[in-house]
Amino acid sequence: MISIAAPEFDLRLTLTSGQVFHWEPDGDAWRGLIGNTAMRVKQRGAELLVPRGCGDLAARYFALDHPLTAIYATFPEDAFSRAALAACRGLRVMRQPRWECLATFLTSAMKQVSHIRGMSLALRTRFGEPVAGSTMNAYPTPGALAEATEAELRGCGLGFRAPHLRETARRIAGGEIDLDALAMRETEELRTELCRLPGVGRKIANCVLLFAYERLDAVPVDVWIARVTRALAPRGGDASLAELETFSRERFGPYAGYVQQYLFHHARVSKTLPAS
DNA sequence: ACCCAGGGGCAAG
DNA sequence: CTTGCCCATGGG
């Protein structure tokens, strides 16, 4: 293990905030994969202990370069947002592998976090390649999922999401869509391209923009964020999802995705909403 | 038994 | 351009 600097970072909060679904606690450390690299990571104060040779990889994955102080300066002043910031200080919006992020959020539709974890693990176990030094397999490639049958995917608990994942995997494996090449597109254009994929609508596209394409202003509006922002927005009681997204982007500013992530996690963990 | 989950697609208004 | 309904599955 080596040590890297990780000021203003909370590993546990970051890994349990509903961004990634394959990390598991191992004593006072965490075990998981960054792409195809096995990792055991442990926080010790303002430093992070990672396997030798994995410092740069981990620093990038955990976004240790994000300017949290500047980001916090943009947070709204209302009581609930302040409480979320106080409760989630050190939570970072990670940089995830694009395909893995797209596929896991595609399976997330109308599922609780624990279910998403279960599907991710089942897909890895059934269709992923083994990784040296890990008992967990890598996330399955687009090709591996494109070749799976719908029944096999349903066997992993995917339900009605199975044909969506299969067809999206097929398009990517076949080269109709290049997730890496899309990285240089502007956000609006990139979102439009992602929304063309079956099973990917506005909310899931925004998750992928935020968690895999560094678009920190993207706001995924799920049921939790809808509840929070309906309470936060003036006359938000009957606002549509589109209106809530517009409200969030305008109210929360250039790091709206960061704000949203703090509100999401705080609301979920505390089981509270803004007083309206 | 009943409810809900980090939604999306499609038809109908 | 909006709204209503269905789509599987599992845990509380």
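These numbers come from a predicted model, not from an experiment. Chain letters run A, B, ... following the sequence lines, proteins first, then strands; residues in each count from 1.
Between A:Tyr262 and A:Phe75, the two ring planes are perpendicular [angle over 60°; tilted spans 30° to 60°]. In this pair, A:Trp23 and A:Phe62 present their aromatic rings tilted. The plane angle is within the 30 to 60° band.
The residue A:Arg117 sits apart from the nucleic acid: no heavy atom pair falls under 4.0 Å. Within the nucleic acid shown, A:Thr107 has no heavy atom closer than 4.0 Å to any nucleic acid atom. Within the 4.0 angstrom heavy-atom criterion, only backbone atoms of the sugar-phosphate kind lie near A:Leu197; the bases stay farther away. Heavy atoms of A:Gly199 sit under 4.0 angstrom from primed sugar atoms or phosphate atoms, though from no base atom. Residue-level contact check: A:Glu243 touches neither bases nor backbone, having no heavy atom under 4.0 Å from any strand.
Proximity of the aromatic rings of A:Tyr258 and A:Phe252 is defined here by a centroid distance below 6.0 angstrom, and this criterion is not met.
Counting heavy atoms from C-beta on, the side chains of A:Leu121 and A:Thr125 come closer than 4.5 Å. At a threshold of 4.5 Å between non-hydrogen side-chain atoms, the residues A:Thr107 and A:His164 do not count as touching.
By the 6.0 Å and 45° rule, A:Arg95 does not stack over the aromatic ring of A:Phe211.
For the P atoms, the distance linking B:dC3 with C:dC6 amounts to 15 Å, nearest Å. Across C:dC7 and B:dC4, the matching C1' atoms stand 15 Å from one another, rounded to whole Å.
From the 5' end on, the contacts that DNA chain B makes with chain A at under 4.0 Å to a non-hydrogen atom open and close at B:dA5 to B:dG9.
If you measure from atom CD of A:Glu245 to atom P of C:dT2, you get 13 Å, rounded to the nearest angstrom. For A:Leu241 and C:dT3, the CG to C1' distance is 12 Å, given to the nearest whole Å.
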A:Tyr255/A:His66 under ring pair (Phe, Tyr, Trp, His ring centres under 6.0 Å): CA gap, chis, key distance, verdict:
CA-CA 11 Å; A:Tyr255 296 111; A:His66 279 171; 8.1 Å; no
Pair A:Leu190-A:Met184, side-chain contact (heavy atoms from CB on, under 4.5 Å): steps then yes or no:
CA-CA 9 Å; A:Leu190 173 51; A:Met184 34 209 86; over 6 Å; no
Determine, step by step, whether A:Phe21 and A:Tyr139 satisfy the ring pair (Phe, Tyr, Trp, His ring centres under 6.0 Å) criterion, reporting the C-alpha distance in whole Å, the side-chain angles of both residues, the deciding distance to 0.1 Å, and the verdict.
CA-CA 11 Å; A:Phe21 305 93; A:Tyr139 198 85; over 10 Å; no
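With the nearest nucleotide of DNA chain C identified for both A:Lys111 and A:Ser240, A:Ser240 has the one nearer the 5' end. Along DNA chain B, the nucleotide nearest to A:Pro198 and the one nearest to A:Ser108 differ in position, and the one closer to the 5' end is contacted by A:Ser108.
The pairing partner recorded for C:dG11 is B:dC3, the criterion being a Watson-Crick or G-U wobble arrangement whose two distances lie under 3.5 angstrom.
Of the residues in residues 145-172 of chain A, those lying under 4.0 Å from DNA chain B by heavy-atom distance are A:Phe160.
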